[in-house]
Protein chains: 4
Amino acid sequence: MTGTMQSDFVTAQVENPELVDRRRSQIVAAAVKLFGDRGYYTVTIKDIAKEAGISTGLIYQYFQNKEDVLLLTLMERLDRYKDDVTKAIASEVDPLQRLHAAYAACCRVVDTNKEATVLAYRSFRSLDPSRRKHVLNREREINALLADCVRHCQRAGLIRGIDINLVCSHLASMAHAWALQSWRFDRGYSVDQYIADSFDLLTKGMLAIDCVPSSPQTVTT
Amino acid sequence: MTGTMQSDFVTAQVENPELVDRRRSQIVAAAVKLFGDRGYYTVTIKDIAKEAGISTGLIYQYFQNKEDVLLLTLMERLDRYKDDVTKAIASEVDPLQRLHAAYAACCRVVDTNKEATVLAYRSFRSLDPSRRKHVLNREREINALLADCVRHCQRAGLIRGIDINLVCSHLASMAHAWALQSWRFDRGYSVDQYIADSFDLLTKGMLAIDCVPSSPQTVTT
Amino acid sequence: MTGTMQSDFVTAQVENPELVDRRRSQIVAAAVKLFGDRGYYTVTIKDIAKEAGISTGLIYQYFQNKEDVLLLTLMERLDRYKDDVTKAIASEVDPLQRLHAAYAACCRVVDTNKEATVLAYRSFRSLDPSRRKHVLNREREINALLADCVRHCQRAGLIRGIDINLVCSHLASMAHAWALQSWRFDRGYSVDQYIADSFDLLTKGMLAIDCVPSSPQTVTT
Amino acid sequence: MTGTMQSDFVTAQVENPELVDRRRSQIVAAAVKLFGDRGYYTVTIKDIAKEAGISTGLIYQYFQNKEDVLLLTLMERLDRYKDDVTKAIASEVDPLQRLHAAYAACCRVVDTNKEATVLAYRSFRSLDPSRRKHVLNREREINALLADCVRHCQRAGLIRGIDINLVCSHLASMAHAWALQSWRFDRGYSVDQYIADSFDLLTKGMLAIDCVPSSPQTVTT
DNA sequence: TATGAATGAGAGTTCATTCAT
DNA sequence: GATGAATGAACTCTCATTCAT
């Protein structure tokens, strides 16, 4: 199971696992809020402690340093992300509907967690290489879920033989865009509408001339 | 013209405009390199001064504070971005080829400037609201260029009546993905290939069943 | 008797005297080891608790604060010191042999407890004045044992009428030097040899010309 | 020349060598006073800055960290020590008088700098191994001066064939004792008297029976 | 104009001590 | 009696910014 504050790469001084879980959740909740609003560097440990309603020293009983707080903050979101996507595709059998369900789940996670999504982009590079690896691994696991959906569609002959990496990048980018480029969209524009529109665009493309449109690729090379 | 270090929102203590231009370029060049590598907060003014080969004090003759250095650093990239896209579409007349040229230009700017692209995502929120506005305005100008291309295609009946904002978001996201999600792509995969593949995907969509595919939209709501 | 962990200047919260004795010994044993290795300030109460196999809170049941742990740590060594010297001279009757036995005992205590000897020098001043007094008193008691030996020798006409304080300082310095200046001596050089050589030097002096050497004292004043 | 604040093992951010010299002297002077009174660990960087009349940040322009302040503080005393001894023996030709001059110089350095002498004993072990090496090297240089005097005396047949290390240890211990064991001596007792008395003791020994006294060495083993 | 020494507020982190269990 | 989670004051060190030269 992914969604726990236990972690083999972030160590705590406190031994009671339930307490570790509870306190870390408390601290991460405060961190998500503050990091999301103001970014990693402008938020101090004291700010987090105050927001969490505990003393500064206590944070260091559950995290080795500030960077570990960021790490678990980013990981927690990815855990929820993965869980949501997993649940979303569990009940779907039709390949294309499965893919749609996965994409919709991604968009919804982004929507309910816009700040955290932005934070992920802002702060990933604030982690040192070894911590980045943990985040990337989780990111790849999520990606594998999407890739699987795409692969099923391709096997069913529903999607043409495009590079799966490219398709996944496409899907992820569009989901993230809902948070990262929110300035582009009208206030009234809802996630549901966005999911519908963007999935339509992703699947059917932009061109009006159906079927074999005159590709401008030859120009490229 | 955009590509100058003169700026009405960042003021200098030095009066000679040429000098301002030269010094600011020198400083911004150093900042681009360092911010790109290590991010805004971990780079010090001293680092920038050393990289630029000047004294720390001098930076404050041309910028009011560190945040202004970041602002011009981000702006400079957007200026180049805009110039490149402008030049790219200048010679194209066919609407779709124009769009392709614009998109390709975006991808190439991203490719030659991956670090700066990542920096933009990381550091935009480190700016205060008034400075963000300047960046967003420039971003919108670039977006307008793309939007114009799309509009032309739509008027020519080449692109179907999808919301232009959505299409532009799509285009921008994919261009940025080349830098932001570079971990997804193989080392051997070139920008040119990426441009070709992603533009094909963007325009024609993912579906194998051409023309009217059974849309899964109804599931969404 | 000196060698107990009961103490009228360090108070405990626990009433059972045997328990106080046992726990204090346990804690002081851990403290000796850690303070000896790393000094007073770099060792934490937590370190001591862990080394002693107890909880941090328990230390405060037997000591009022960290400084008291140091005090008893220093005192314990002095207690052993005093006991050893007392025992060593108990069986000797010949004044000079008594003195020799006392000096040899000092050197051996130092030798078996080099770290603690160094600690005493390092950390005495970390105590507040009132605690220092306790250490100094014990130190003076030990000194009195030596002084007594010297006095006996003088009365027996074996030692000339030098100021006893000076002689004692001399003896103590040389004994301590075995730990404090161990870098001066070869690895193969044994305590026994050191005792023999240094006592010979102390008693007979450095000069080759026996009897009345041309003293350079007149130069001094 | 030894007595300068330039140092190849402690680096400064400031380049002007005279300034480095002046500021370091200023800081070390404050540190000597405070460390001497209260020890290394209980004195804060802020204390030193205040005592020196500068800002805390400035200390870090001239020292990399607090430990380096301690290092130079200890080194400075050793430099003066070495200079004083060197000067003292420069004019003496008679081997024994040379030795006496060296010893007297040692005692006088200790006397005018009691706190610093105590500090050296207290704080040497607060240095990390590489820094200790620097101190020990200087200490060995000073020791070499003494050893040289002793050797001359031995060659002249004035001192018997005792191990030179032992003799030097003896001399150094007695000199240091003037500061370390000052509690033993009466207030009225002067350095000059101490030098005279202790040198007499060191050279002629304690025994009243001149010449070949019955050595108690055989008892030792 | 240009320098870089100087400032000092504020960051992350530690640790002696307390106290509910 | 014993535990160890919790506290928060105080530490070392950094760095944006200033200003005398």
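These numbers come from the heavy atoms of this one structure, side chains and all, not from hydrogens, waters or symmetry mates. Each chain gets a letter, A, B and so on, in the order the sequences are listed, and its residues count up from 1.
- Of the residues near DNA chain F, C:Leu19 and B:Tyr40, the one whose nearest nucleotide (by heavy atom distance) lies more toward the 5' end is C:Leu19.
- At a threshold of 4.5 Å between non-hydrogen side-chain atoms, the residues A:Arg23 and A:Ile54 count as touching.
- In this structure, the NZ atom of A:Lys66 is 16 Å from the P atom of F:dT14, given to the nearest Å.
- No contact: D:Asn16 has no heavy atom under 4.0 Å from any strand.
- C:Gln64 comes within 4.0 angstrom of no nucleic acid atom, judged by non-hydrogen atoms across all strands.
- Within 4.0 Å (heavy atoms only), B:Val20 reaches no atom of the nucleic acid at all.
- Both distances falling under 3.5 Å, in either a Watson-Crick or a G-U wobble arrangement, place E:dT14 opposite F:dA9.
- Rounded to whole angstrom, the span from the CZ atom of C:Arg38 across to the C1' atom of E:dT14 amounts to 13 Å.
- A cation-pi arrangement, defined by a distance under 6.0 Å to the six-membered ring centre and an angle within 45 degrees of its axis, is present between A:Arg24 and A:Phe63.
- Of the two residues near DNA chain E, C:Asn65 and B:Val14, the one whose nearest nucleotide lies more 5' is B:Val14.
- Comparing F:dC11, E:dA5, F:dA16 by their nearest atom to the side chain of D:Thr44 picks out F:dC11.
- With a cut-off of 3.5 Å on both pairing distances, the Watson-Crick or G-U wobble partner of F:dA20 is E:dT3.
- For the pair C:Arg122 and C:Tyr40, the cation-pi criterion (under 6.0 Å, within 45° of the ring axis) is not fulfilled.
- Backbone-only contact: D:Val43 has heavy atoms under 4.0 Å from sugar-phosphate atoms and none from a base.
- If you take CZ of C:Phe63 and C1' of E:dC15, they are 18 Å apart, rounded to a whole angstrom.
- OP1 or OP2 of F:dT3 has at least one side-chain nitrogen or oxygen of C:Ser55 nearer than 4.0 Å.
- Nucleic acid contact for D:Ile59: none, since no nucleic acid atom lies under 4.0 Å from a heavy atom of the residue.
- Looking at heavy-atom distances under 4.0 Å, B:Glu67 makes no contact with the nucleic acid at all.
- Considering every non-hydrogen atom in both D:Val118 and C:Arg125, the closest pair reads CG2-NH2, 3.4 Å.
- In this structure, D:Lys50 places its NZ atom 14 Å from P of F:dT12, rounding to the nearest Å.
- At F:dA2, one or more side-chain N or O atoms of C:Arg23 fall inside 4.0 Å of OP1 or OP2 (strictly under the cut-off).
- In this structure a side-chain-to-backbone donor-acceptor pair under 3.5 Å is present from B:Thr44 to B:Asp47.
- Comparing D:Ile45 and B:Thr56 by the nucleotide of DNA chain F whose heavy atom lies nearest to each, the residue mapping closer to the 5' end is D:Ile45.
- The phosphate of F:dT14 has neither OP1 nor OP2 within less than 4.0 Å of any side-chain N or O from D:Tyr60.
- With the nearest nucleotide of DNA chain E identified for both A:Tyr41 and B:Arg22, B:Arg22 has the one nearer the 5' end.
- When the side-chain nitrogen and oxygen atoms of A:Tyr62 are compared with OP1 and OP2 of F:dA6, one or more of them lie within a distance under 4.0 Å.
- If you check distances only, the side chain of A:Gln13 never reaches the base of F:dA5 with a donor-acceptor pair under 3.5 Å.
- Whole-Å rounding puts the D:Gln61 CD to E:dT3 P distance at 17 Å.
- Ring geometry for D:Tyr121 against C:Tyr121 counts as tilted: the plane angle lies between 30° and 60°, on a 0 to 90° scale.
- Residue C:Leu58 has its side chain nearest to F:dA2 when only E:dT7, F:dT12, F:dA2 are considered.
- The shortest distance between the side-chain N/O atoms of C:Lys46 and the OP1/OP2 oxygens of E:dC15 is not below 4.0 Å.
- Rounded to an integer number of Å, the gap from B:Ile54 CD1 to F:dT17 P is 15 Å.
- For the pair D:Gln61 (side chain) and D:Val14 (backbone), a donor-acceptor distance under 3.5 Å is absent.
- The CD1 atom of C:Ile48 sits 17 Å away from the P atom of F:dG4 (whole-angstrom rounding).
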